[in-house]
Amino acid sequence: MTQAIQILIIGLTLGGVFALMASGLTLIFGVMGIVNLAHAAFMVAAAFISFFAYKGLGLDPIASIVLTMPVMFVVGLVVYRLFFARSIDDPKKRSVLVLVTFAMALVIEGTLGFFFSNIYRSTNPPYAYDAFLMGPFYLPKGQFYATLMSALILGALWAMLRFTRLGYAIRATTHNRTAAEVVGVNVDRVSMFVFGIGMALAGASGSMISFLFSFYPGKHWEWVAILLSLVVLGGMGSLLGALIGALSLSVISAFVNSAYGPTWSPVTFYLALFAILLIRPQGLLGKKPEL
Amino acid sequence: MPHLVVKDVVAGYGSGPDILTGLSLDVEEGKSYCIVGPNGAGKSTLLKAICGLVNIRNGTIDFEGETLLGLRADQVLQRGICFVPQDRSLFPDMTVRENLRMGGYILKDRNEVERRIDEVFEMFPILKERASQHAKTMSGGQQQQLLLGRALVLRPKVVMLDEPSLGLAPKVSKQIFDSMNQLKDAGITIIVVEQNARMGLGYCDWGCVLDLGKLVFEGASRTVLDDPRMAELYLGTRRTGSEK
Ligand SMILES: Nc1ncnc2c1ncn2[C@@H]1O[C@H](COP(=O)(O)OP(=O)(O)OP(=O)(O)O)[C@@H](O)[C@H]1O
Ligand SMILES: [Mg+2]
């Protein structure tokens with residue numbers, strides 16, 4: 001029992017970070033209808049920013065979101081303008097956009113690999129190796145802080161979607177693009193901002209994974225596969241779904257990890273992806289998001 | 001004096017063929033127009049062209065003496081032209097009130113929007129009753145009222161409706177058309193596309209018959225209904241409609 005609770009703690013605190021990673025992916029899908037296969041590659045790029053800010057400037061990796069989020073936001077706006085703006089409304093061009101994101105992932109991976117080589121890196125702030133001890137339980141400090149920060153960011157995102165004019169516009173565009181246009185939402189601008197926000201979320205995720213995991217340029221394939229399984233489980237485009245998917249799969253994978261060893265824990269996600277696509281392809285919360 | 005003037009408009013989607021092929025139409029203030037014609041004639045495309053959702057390849061569209069060409073959908077809304085599309089374009093997972101708020105999206109003053117929502121509630125009491133219900137859980141007729149209400153939040157000068165009676169029981173369709181006439185009495189210009197020509201023309205002042213992207217003929221509703229060309233178009237003595 002004690003052990004089960006311990007595994008639950010580990011699973012939930014990792015789940016919070018997975019939810020942050022998945023949020024940008026699902027947000028972009030909701031508004032643009034595109035699976036951004038480069039999402040995790042952008043995360044890794046941001047992890048490199050955090051890494052060098054830590055090594056060079058001594059900037060704490062959690063605090064480095066003040067760098068990664070705005071930088072990735074601007075990158076997002078530029079990428080949207082260059083690659084998506086003209087194709088998004090054309091059904092014929094639209095279908096190749098997923099391939100464009102695939103190509104972007106390759107280019108990012110290749111560029112990072114060229115400059116920084118494919119070796120494992122990790123920022124190592126002191127809390128990454130420390131834990132809170134509470135009776136029989138321990139809570140790794142790094143995971144705890146990362147999940148706390150993820151919760152803060154996701155909370156801010158939720159409030160933005162719920163209460164601001166831009167938030168209304170984003171939700172409206174997600175629900176029904178035509179209807180949004182008809183009431184005067186500039187859906188092109190909304191898509192651009194959403195891409196920027198999604199990239200900023202990838203940036204924040206990158207800062208978190210820089211000390212939670214060790215990373216190298218090619219690592220993003222593994223993460224994007226995990227993120228897809230979370231997002232598909234929750235229902236593509238649903239933020240709440242991504243949160244539920246992240247927490248549940250991460251807990252399950254923590255149990256698998258403890259029972260069968262770490263090699264098997266990523267497999268949990270892939271098996272889940274298969275199972276969901278077979279049983280309930282629209283995910284827990286359907287295709288259209290509810291939040 | 002016409003306040004909306006569509007002249008020789010050619011328009012189509014993306015790089016596809018011309019759907020409107022030189023369409024001209026004068027719309028006078030405060031009157032109601034019923035647009036009829038076979039499937040694929042370009043009726044919906046005409047409405048979308050007016051409100052900036054389809055690219056105009058040739059011709060002009062003027063409203064109150066100023067061109068609408070090159071304006072985005074939100075800029076056309078600013079001028080006072082609202083559009084209620086064919087496909088029940090609600091926000092299904094937003095509440096009725098949130099849907100109405102979206103109707104006032106282009107207005108900056110939030111309090112003003114809430115005041116106008118109260119006006120809409122006066123016209124459609126059912127919406128007030130259901131204010132916090134999700135739009136997707138409303139009946140077809142209620143959804144259509146919500147769509148109308150959403151357009152009214154902007155206090156438009158022109159309201160364009162695309163097949164508002166689609167999928168509604170005759171009694172409910174009548175209610176929608178009655179509400180529409182209420183708007184006309186308040187001085188709003190109405191342009192409505194209607195499959196059921198008899199009913200649509202019965203409620204409107206003026207009838208416009210479209211086929212193959214052109215205005216074939218127009219006239220006072222009664223004369224249009226009795227025109228032999230109507231039977232020809234609808235009963236299909238020749239193939240109608242462009243490629244589907
Ligand atoms: N989004 C679109 N992209 C490409 N072609 C379109 C699009 N919408 C309509 N069309 C084409 O334009 C033509 C006219 O369509 P439109 O919807 O204007 O006809 P309509 O008169 O409203 O017909 P209906 O009575 O069936 O609603 C059709 O051939 C249709 O295939
Ligand atoms: Mg139509």
Side-chain angles (χ1 to χ4, degrees), chain A residues 26-27 30-31 85-97 158 160-193 234-241 282-291, chain B residues 13-16 44 47-48 50-55 71-95 97-110 113 134-136 143 146-147 149-154 156 159-162:
Chain A
T26 205
L27 195 65
V31 167
R86 268 159 299 144
S87 316
I88 193 89
D89 279 325
D90 189 332
K92 280 183 223 143
K93 292 186 192 156
R94 194 193 180 91
S95 52
V96 302
L97 287 179
W158 178 81
M160 186 276 283
L161 289 174
R162 195 92 219 142
F163 301 117
T164 69
R165 199 172 123 87
L166 177 63
Y168 266 85
I170 292 174
R171 285 192 291 146
T173 310
T174 311
H175 289 169
N176 189 329
R177 203 176 172 87
T178 323
E181 260 186 312
V182 162
V183 297
V185 174
N186 186 339
V187 293
D188 184 50
R189 270 258 298 277
V190 167
S191 300
M192 182 176 80
F193 273 113
M236 295 292 294
S238 165
L239 204 52
L240 190 59
Q282 75 274 34
L284 292 175
L285 296 186
K287 187 170 150 275
K288 287 297 173 186
E290 156 74 57
L291 197 123
Chain B
Y13 298 89
S15 47
S44 303
L47 300 192
K48 286 189 242 172
I50 293 171
C51 68
L53 294 172
V54 173
N55 275 333
L71 297 190
R72 285 191 316 265
D74 54 310
Q75 294 166 318
V76 175
L77 276 178
Q78 294 278 10
R79 305 283 167 94
I81 302 180
C82 276
F83 175 44
V84 178
Q86 191 169 358
D87 48 7
R88 295 275 151 78
S89 294
L90 284 167
F91 303 110
D93 288 316
M94 289 192 186
T95 63
R97 186 181 286 277
E98 285 180 310
N99 267 278
L100 292 171
R101 274 189 198 136
M102 282 310 298
Y105 176 78
I106 62 169
L107 303 174
K108 293 286 172 323
D109 183 349
R110 296 286 96 186
V113 172
H134 278 188
K136 66 179 172 198
Q143 291 191 1
L146 177 53
L147 280 167
R150 194 179 70 190
L152 293 181
V153 172
L154 287 182
V159 172
M160 303 193 292
L161 300 127
D162 199 350

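Because only heavy atoms are used, hydrogens play no part in the values below, and waters and symmetry mates are left out as well, while side chains stay in. Numbers restart at 1 for each chain; the letters A, B, ... are given by sequence-line order, proteins then strands.
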Next item on the list: Could you tell me which non-hydrogen atom of Pro92(B) sits nearest to which non-hydrogen atom of His175(A), and how far apart they are?
Entry: CD-CB, 4.0 Å
Notebook entry, point to check: Can Arg101(B) be said to sit on top of Tyr168(A)'s aromatic six-ring, NZ or CZ under 6.0 Å from centre and within 45° of the ring axis?
Noted result: no
Notebook entry, point to check: Can you name the nearest heavy-atom pair linking Asn176(A) to Leu90(B), along with the distance?
Noted result: ND2-O, 3.3 Å
Next item on the list: Return yes when atom CZ of Arg86(A) has more than 12 non-hydrogen atoms of other residues, nucleotides or ligands closer than 6.0 Å, and no otherwise.
Entry: no
Checklist line | Arg162(A) and Glu98(B) ion-paired at < 4.0 Å | finding: yes
Note to self: Can you list everything that forms a salt bridge (Lys or Arg N to Asp or Glu O under 4.0 Å) with Arg177(A)? Sequence neighbours excluded, please.
What the structure shows: Asp89(A)
Item checked: Part of Ile106(B) lying under 4.5 Å from any heavy atom of chain A -> both
Item checked: Pairwise distance CE(Met102(B)) to CZ(Arg171(A)) - rounded to 0.5 angstrom -> 8.5 Å
Check: For atom CZ of Arg110(B), is the number of surrounding heavy atoms from other residues, nucleotides or ligands below 6.0 Å larger than 12?
Finding: yes
Check: Has Asn55(B) got more than 12 heavy atoms of other residues, nucleotides or ligands less than 6.0 Å from its CG?
Finding: no
Notebook entry, point to check: Of the non-hydrogen atoms in Ala179(A) and Ser89(B), which two are nearest, and what is the gap between them?
Noted result: CB-O, 3.1 Å
Margin query: Before you tell me yes or no, could you show the steps for Leu77(B) and Val182(A) under side chain to side chain contact (heavy atoms under 4.5 Å, CB included), namely the whole-Å CA-CA distance, both residues' side-chain angles and the distance that decides it to 0.1 Å?
Written below: CA-CA 8 Å; Leu77(B) 276 178; Val182(A) 162; over 6 Å; no
Next item on the list: Could you tell me which of Asp188(A), Thr178(A), Asn186(A) has the largest number of non-hydrogen atom pairs under 4.5 Å with chain B?
Entry: Asn186(A)
Checklist line | Chi angles and distances behind the side chain to side chain contact (heavy atoms under 4.5 Å, CB included) call for Phe91(B), Val183(A) | finding: CA-CA 11 Å; Phe91(B) 303 110; Val183(A) 297; 4.2 Å; yes
Notebook entry, point to check: What is the minimum heavy-atom distance between Gly184(A) and Asp74(B), and which atoms define it?
Noted result: O-CB, 3.1 Å
Check: Do Glu181(A) and Arg72(B) pass the side chain to side chain contact (heavy atoms under 4.5 Å, CB included) test, and can you show the C-alpha distance, the side-chain angles, and the key distance before you say yes or no?
Finding: CA-CA 9 Å; Glu181(A) 260 186 312; Arg72(B) 285 191 316 265; over 6 Å; no
Notebook entry, point to check: Non-hydrogen atoms of chain A under 4.5 Å away: do they reach the side chain of Leu107(B), the backbone, both or neither?
Noted result: backbone
